A.B. asks: 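Could you have a look at this structure, given as structure tokens, before my questions?
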There are 2 protein chains.
Amino acid sequence: MRTDTTFKRAFNDMIDLLRTLDLGAELPSENALRAQLGVSRTTVRKVLASMSARGVIVSEVHRRIIREHPQQIERYPKEETLAISEQVETSFMEWMLRDNACPGTEINEAELARKFGVATTIVREFLNRFQKYGLIEKRQNAGWVFKGFTANFALELFEIREMFEMRSARLFASLPDGSPIWKQVRAMRAAHLELLADIDARFQDFSELDSRFHRLIAVVAPNRFIESFQDVIAIIFHYHYQWNKRDERTRNEVAIREHLALIDALESRNIASIDQACRAHLTSARETLLRSIA
Amino acid sequence: MRTDTTFKRAFNDMIDLLRTLDLGAELPSENALRAQLGVSRTTVRKVLASMSARGVIVSEVHRRIIREHPQQIERYPKEETLAISEQVETSFMEWMLRDNACPGTEINEAELARKFGVATTIVREFLNRFQKYGLIEKRQNAGWVFKGFTANFALELFEIREMFEMRSARLFASLPDGSPIWKQVRAMRAAHLELLADIDARFQDFSELDSRFHRLIAVVAPNRFIESFQDVIAIIFHYHYQWNKRDERTRNEVAIREHLALIDALESRNIASIDQACRAHLTSARETLLRSIA
DNA sequence: CATATGTTTCTTATGTATAAAAAACTGGGG
DNA sequence: CCCCAGTTTTTTATACATAAGAAACATATG
């Protein structure tokens with residue numbers, strides 16, 4: 001019943017790993033591979049067995065030799081490496097954002113399960129987790145209601161975001177010189193400059209950098225509720241802008257410049273500059289989102 | 001498979017409802033009852049059938065007559081009116097707070113299901129929902145980790161709480177005179193004074209009043225994320241203080257006086273007073289919680 | 001005896017089943 | 001026609017089943 005996505009992901013990762021080793025070399029122990037691939041030894045053994053069966057490696061007593069470098073072609077496709085619960089997330093977001101579901105739409109577990117081709121249990125579990133994003137609401141003994149990806153949603157989201165982010169950004173002013181965070185900030189600036197230099201080709205990489213940047217700011221004073229809220233922001237932006245490409249390049253370039261300004265402000269340790277740069281960026285991000293919703 | 005807790009709750013409610021009507025009177029229509037009891041007509045009919053079978057009411061064509069007032073004794077016990085998922089919440093909180101689970105404890109879905117005597121599905125669903133309270137964390141393809149009801153948890157909780165509550169409280173300063181919220185504030189003060197007058201007997205009623213008070217403050221400018229966070233606070237306080245009765249009476253009396261001070265400040269519309277009263281209460285509440293954790 | 005592999009046991013992810021509850025449909029008065 | 005009660009259909013809450021994966025245990029080998 002359970003899908004073997006873990007195995008397939010590990011298998012793909014193992015292909016990459018084998019290509020870094022020489023032909024005829026001896027493979028690391030099962031335990032070492034387990035640590036490297038981040039799965040259990042059970043799965044490692046399954047991958048090794050599969051590699052043996054394909055003749056990629058030769059199993060001798062107490063060691064395994066690489067016989068040939070596996071072909072990229074043999075990788076399992078991306079979809080097959082995603083757990084059903086992850087696929088459901090995508091399906092749901094697609095339903096919501098692409099099909100432009102109306103505020104107030106009733107969500108029917110059974111119907112979604114049929115539409116997505118998965119068991120009701122999975123849909124139910126997904127909806128329960130998804131509840132925290134503030135877009136759906138449960139009604140006792142009945143289904144769920146989709147509250148809508150509306151301007152109001154964006155405003156409420158940004159109100160919290162501003163509180164959280166201003167709070168973290170301000171803390172940089174009193175962050176000691178010796179803090180290792182400053183190094184990360186410098187690396188972050190470099191990453192931004194790099195992306196900016198090649199913006200025409202790589203503007204789609206911004207989404208991930210954005211998320212990393214905002215998480216870095218929050219790291220000065222860890223708070224689980226703030227971190228959890230950043231998941232909300234990340235997922236909303238990730239999916240929304242994935243289906244909404246208008247002005248993508250410009251939008252991202254503007255955001256990068258705002259980030260750079262904020263980094264400068266952080267490094268200046270001047271509260272007023274930090275406040276100003278932070279608020280400027282958040283305001284601009286909010287307006288961009290609002291425009292794209294309207 | 002599904003339990004009939006909805007029916008039992010509706011049955012109990014119907015007993016209360018029947019006692020407000022005269023013997024020999026005609027019952028409202030099924031539809032009217034449905035609205036009053038907050039359940040589906042299907043359940044109403046089941047309750048009516050059950051009442052008929054017990055001879056409490058007589059079903060004639062197109063109407064039903066009350067034959068006798070049902071005895072309190074016939075009510076279903078409280079436990080049987082709680083959905084399994086609600087019972088699991090209690091069981092889990094009890095495990096966590098009463099058994100004093102250590103930070104880092106691994107939570108095993110299967111084991112909990114056995115311990116609580118419910119299906120794994122239910123435990124899993126509960127844990128997924130409970131995740132948002134920041135006390136547990138999921139590990140891929142493995143179980144959950146209990147992060148501990150620690151001082152750190154309390155501090156992070158109160159950091160957010162302070163941001164949210166100060167934000168709402170301040171908004172009262174610019175709330176127009178005509179706003180219906182002022183009436184609710186006055187009613188809230190009355191409720192506090194009433195409880196204070198009878199504090200020795202009713203100090204246990206504070207928990208619920210506390211939650212209502214803080215929700216009222218947030219209502220000035222609704223934000224779904226703030227509301228959701230109030231669920232976190234409510235559930236944590238509800239269960240924590242349910243198993244931790246030290247100084248309960250004093251603690252609650254102090255809080256009531258702080259609430260009253262805050263109400264005065266809100267009505268004064270003076271930002272500085274509001275800030276001060278709000279912060280004073282939150283600080284005191286935080287210290288109380290911290291003391292009870294240590 | 002420490003580490004690696006082979007084996008067994010337990011847990012999680014996901015599907016299916018079903019009673020309870022909700023919702024939709026239907027025919028009949030007022 | 002609108003509301004009401006009877007009936008049928010659909011959905012939800014919960015239990016259970018099972019393959020995949022993790023963890024624990026056992027054995028072997030240097």
Side-chain angles (χ1 to χ4, degrees), chain A residues 1-10 27-34 38-49 59-64 83-88 106-114 117-128 138-144, chain B residues 1-10 28-34 37-49 59-64 83-88 106-114 117-128 138-144:
Chain A
M1 305 273 173
R2 187 176 186 170
T3 50
D4 59 351
T5 53
T6 303
F7 159 73
K8 287 176 176 166
R9 208 166 336 122
L27 275 179
S29 77
E30 289 178 359
N31 225 342
L33 288 171
R34 180 194 62 70
V39 296
S40 73
R41 201 158 66 80
T42 308
T43 303
V44 168
R45 301 189 97 232
K46 198 168 161 188
V47 170
L48 289 174
S59 288
E60 300 182 358
V61 271
H62 266 235
R63 58 185 209 144
R64 287 158 301 271
I84 300 275
S85 52
E86 294 169 311
Q87 293 169 233
V88 165
E106 309 217 339
I107 296 173
N108 185 311
E109 292 176 4
E111 192 187 324
L112 280 191
R114 282 192 299 269
V118 299
T120 54
T121 328
I122 300 288
V123 170
R124 196 177 165 81
E125 183 176 324
F126 167 75
L127 293 172
N128 266 310
K138 176 126 190 64
R139 285 177 319 167
Q140 191 65 224
N141 279 332
W144 303 73
Chain B
M1 304 271 172
R2 186 176 187 172
T3 50
D4 58 353
T5 53
T6 303
F7 160 72
K8 288 175 175 166
R9 207 166 338 120
S29 77
E30 288 178 0
N31 225 345
L33 289 171
R34 182 194 62 71
L37 298 176
V39 296
S40 74
R41 201 158 65 81
T42 308
T43 301
V44 168
R45 301 189 97 232
K46 200 170 160 185
V47 170
L48 289 175
S59 288
E60 300 181 358
V61 271
H62 268 235
R63 59 186 208 145
R64 288 156 303 271
I84 301 274
S85 53
E86 294 170 312
Q87 294 168 232
V88 165
E106 308 216 341
I107 296 173
N108 186 311
E109 293 176 4
E111 194 187 323
L112 280 190
R114 282 192 298 269
V118 300
T120 55
T121 328
I122 299 289
V123 170
R124 196 179 165 80
E125 184 176 323
F126 167 75
L127 293 172
N128 266 312
K138 176 130 192 62
R139 285 176 320 166
Q140 190 65 222
N141 279 334
W144 302 72

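From a predicted model like this one, the values you see are computed outputs, not experimental measurements. Residue numbers start from 1 in every chain, and the chains themselves are labelled A, B, ... in the order their sequence lines are given, proteins ahead of strands.
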A.B. asks: Would you say a side-chain N or O of Ser40(B) is under 4.0 Å from OP1 or OP2 of dA22(C)?
C.D. replies: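 The answer is yes; a side-chain N or O of Ser40(B) sits under 4.0 Å from OP1 or OP2.
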
A.B. asks: Taking atom CD of Glu30(A) and atom CZ of Arg41(A), what is their separation to the nearest 0.5 Å?
C.D. replies: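 Here the rounded value is 5.0 Å.
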
A.B. asks: Classify Thr121(A) by what it touches in the nucleic acid, base, sugar-phosphate, or nothing, heavy-atom distance under 4.0 Å.
C.D. replies: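 Base: the residue Thr121(A), judged by heavy atoms under 4.0 Å, touches a nucleobase.
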
A.B. asks: Quick one: Asn141(A) CG to dA13(D) P, roughly how many Å, whole number?
C.D. replies: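 Rounding to the nearest Å, CG of Asn141(A) and P of dA13(D) are 6 Å apart.
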
A.B. asks: For Arg114(A), report the nucleic acid contact type (base, sugar-phosphate, nothing); a contact means any heavy atom under 4.0 Å.
C.D. replies: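 Sugar-phosphate: the residue Arg114(A), judged by heavy atoms under 4.0 Å, touches backbone atoms but no base.
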
A.B. asks: Going through the checks in order, is the side-chain contact (heavy atoms from CB on, under 4.5 Å) test met by Lys8(B) and Asp4(B)?
C.D. replies: CA-CA 6 Å; Lys8(B) 288 175 175 166; Asp4(B) 58 353; 3.5 Å; yes

A.B. asks: Measuring to OP1 and OP2 of dA22(D), would you say a side-chain N or O of Thr43(A) lies under 4.0 angstrom away?
C.D. replies: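 So the side chain of Thr43(A) is within the cut-off, an N or O lying under 4.0 Å from OP1 or OP2 of dA22(D).
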
A.B. asks: Using OP1 and OP2 only, check whether a side-chain N or O of Thr3(B) sits under 4.0 Å from dA13(D).
C.D. replies: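 For Thr3(B), the contact criterion (side-chain N or O under 4.0 Å from OP1 or OP2 of dA13(D)) is not met.
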
A.B. asks: Have a look at Arg63(B) and say if it touches a base, only the backbone sugar-phosphate, or nothing, with a 4.0 Å heavy-atom cut-off.
C.D. replies: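 Nothing, no heavy atom under 4.0 Å.
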
A.B. asks: Record whether the side chain of Arg41(A) comes under 3.5 Å of the base of dG6(C) through a donor-acceptor pair of N or O atoms.
C.D. replies: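 Yes, the side chain and the base share a sub-3.5 Å donor-acceptor pair.
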
A.B. asks: Classify the nucleic acid contact of Thr42(B) as base, sugar-phosphate or nothing, counting any heavy atom under 4.0 Å across all strands shown.
C.D. replies: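 The residue Thr42(B) makes base contact.
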
A.B. asks: Which residue lies toward the 5' end of DNA chain C, Lys46(B) or Arg2(A), if each is placed at its nearest nucleotide?
C.D. replies: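 The answer here is Arg2(A).
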
A.B. asks: Within the structure, does a side-chain N or O atom of Arg64(A) lie under 4.0 Å from either OP1 or OP2 of dT5(C)?
C.D. replies: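 Checking Arg64(A) against dT5(C): at least one side-chain N or O falls below 4.0 Å of OP1 or OP2.
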
